[in-house]
Amino acid sequence: MATTPFDITVRGGRIATDREELRADIGIRGGVICAIEDKLPAGLQDIDAAGRWVLPGGIDSHVHIEQLSGMGKMSADDFYSGTVSAAFGGTTTIIPFAAQHRGKRIPEVVADYAQRAREKAVIDYGFHLILANPDEEALGHELPQAIRDGITSVKVYMTYDPLKLDDYQLLDVLALAGREGALVMVHAENHDMIRWIAQRLLARGHTAPKFHAVAHDALAESEAGHRAIALSRLIDVPVLLVHVAGAETVELVRSAQRLGSKVYAESCPQYLFLTADDIDAPGMEGAKFCCSPPPRDPRSQEAVWAGLKDGTLGLYSSDHAPYRFDASGKLPRGDATTFKEMANGVPGIELRMPLLFSEGVMGGRLTINEFVAVTATNHARMYGLAHCKGNLAVGLDADLALWNPEREVTVGTAMLHDAVGYTPYEGKRLRGWPELVMSRGRVVVRDNALQVARGSGRYIPRRSPDAVLPPAGTAPASRLPAMLGLQGKAWPTL
Ligand code: DUC
Ligand code: ZN
Ligand code: ZN
């Protein structure tokens with residue numbers, strides 16, 4: 001038998017990266033892309049990609065999997081169902097959270113999540129740390145060690161009693177991240193505004209799900225966002241605002257970026273495809289659409305589209321926070337559950353990319369390169385994975401998906417692979433679907449069936465995010481870090 005240089009050749013597809021589009025073959029050996037050329041020899045296995053887009057596998061850098069929420073709710077998906085669901089939607093890498101709760105030490109939190117993921121994940125993954133207790137031990141030893149072990153991003157909360165950090169603590173975490181080469185992700189909502197409104201709503205008997213959106217006013221989001229940006233500018237350390245929902249926050253990020261601040265931002269499908277009107281559904285139905293911050297109005301939807309288009313929002317993640325529509329999640333007290341008691345979050349890990357492909361690429365709102373950037377490449381750069389993932393190039397892992405742009409799909413819960421039991425996008429008609437999904441040269445999904453074993457995904461220790469690496473010769477914007485002896489870094493644009 002003739003020898004071939006490739007394990008797999010992906011033939012004749014329309015390849016897109018974040019910058020280019022070309023028709024070529026992709027040769028894969030040992031799980032890595034080793035050639036992209038016009039005509040390549042046959043591989044041991046040939047995959048016909050004619051009529052398909054060949055795109056980098058998605059990176060979903062904001063997912064809650066097998067995680068206890070701040071309210072003490074266990075998410076519906078474990079590392080098996082969560083990663084299977086991700087793969088069926090064209091995602092080949094996820095970055096879930098290892099979530100510290102007060103009273104738990106960081107090494108035990110990380111070890112616990114690592115073990116559960118190792119046994120179950122079918123695609124590759126890293127972890128962010130949720131930091132709830134930035135005490136001396138955490139800041140002095142544990143967090144620097146976690147960063148050295150490849151957990152190069154930390155999520156902090158400005159709201160939720162069990163998780164909330166004050167501004168002083170946020171500065172401590174930012175300073176540490178700047179020193180150690182990690183990125184701080186912020187859940188920015190003003191805790192007291194939400195608490196104050198919610199208490200008054202409840203006192204008036206306004207308990208229905210729709211009041212969640214009233215309590216989480218857009219000003220609570222933009223005020224906290226503004227404060228987080230100010231704290232980051234004060235000491236010249238980058239910050240990432242996650243799950244941006246409101247038009248005002250998009251504008252705030254855009255103007256901070258224009259001022260030269262190292263501010264990055266993410267948005268999610270729920271802010272493009274849902275509004276507060278969805279939460280105003282009969283009975284408890286609206287609970288299925290409740291997340292924080294909540295979906296807002298058509299103006300905000302348009303602002304998020306514009307932010308993804310012009311790069312203000314560099315990341316599009318699912319914020320998959322899966323809770324069942326029963327006592328385990330959304331309805332702890334059945335129909336008597338108030339909006340304060342419902343688990344916060346919506347599922348979206350599987351539909352994240354198909355929704356954006358359909359409305360964005362097929363709908364003419366985004367170019368194919370912009371789609372690749374916000375679903376994969378920017379995540380790799382932002383989170384220290386660009387050396388192995390997030391694009392189609394020689395030397396990178398063979399993580400890719402073949403998208404059929406002609407395939408029409410009507411979204412239904414039964415077709416999804418998560419363990420949630422509903423989708424906020426039920427009945428939505430989509431154009432385009434990822435029919436074959438490959439991770440490190442392993443076909444993970446083909447013919448609508450899973451092809452790999454439980455536990456076959458790998459942990460990827462991440463490097464420092466590009467956003468926290470200094471380009472040569474860039475001076476810090478603030479003199480304060482030097483005066484305070486902080487080892488400031490400088491940052492490129494994403
Ligand atoms: N924050 C998240 O990032 N996800 C779900 C709920 C929340 O408050
Ligand atoms: Zn959050
Ligand atoms: Zn989240």
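Start at 1 and go down the list; that is how both ligands and their atoms are numbered.
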NZ/NE/NH1/NH2 to OD/OE distance under 4.0 Å, Asp397 and Arg458: no

Heteroatom of His187 nearest to the Zn ion (ligand 2) (N, O or S, atom name): ND1

Contact check, Val242 vs ligand 1, heavy-atom distance below 4.0 Å: no

Side chain Gln100, main chain Asn133, donor-acceptor under 3.5 Å: yes

Subset of ligand 1 atoms that lie under 4.0 Å from at least one heavy atom of Ser292: 1 (N), 7 (C), 8 (O)

For atom 8 (O) of ligand 1, closest protein heavy-atom neighbour: Tyr160 OH, 2.4 Å

Per-atom contacts, ligand 1 versus His243 - under 4.0 Å to a heavy atom: 1 (N), 2 (C), 3 (O)

Arg454 to Tyr80 six-membered ring, cation-pi geometry met (6.0 Å, 45°): yes

Close approach, Glu189 and ligand 1, non-hydrogen under 4.0 angstrom: no

Metal check, the Zn ion (ligand 3) vs His243 N/O/S, cut-off below 2.8 Å: no

Metal site angle (apex the Zn ion (ligand 3)), NE2 from His62 and OD1 from Asp319, 10 degrees: 90°

Numbered atoms and elements of ligand 1 in range of Asn344, under 4.0 angstrom, heavy atoms: 5 (C), 6 (C)

Side-chain H-bond candidate by donor/acceptor type, His417 with Ser85, under 3.5 Å: no

Heteroatom test (N, O or S) for Val242 near the Zn ion (ligand 2), limit 2.8 Å: no

Contacting atoms of ligand 1, where contact means under 4.0 angstrom from a heavy atom of Asp319: 2 (C), 3 (O), 4 (N), 5 (C)

Lys210 NZ: over 12 foreign heavy atoms closer than 6.0 Å: no

Ion pair Glu302/Arg365, N-O distance below 4.0 Å: yes

Between Ser292 and Asn344, a side-chain donor and acceptor under 3.5 Å: yes

Any N/O pair Lys155/ligand 1 closer than 3.5 Å: yes

Distance under 6.0 Å and angle within 45° of ring axis: Lys155 vs Phe97: yes

Donor + acceptor pair across side chains of Asp161, His191 (<3.5 Å): yes

Sub-3.5 Å N/O-N/O distance, His187 and ligand 1: yes

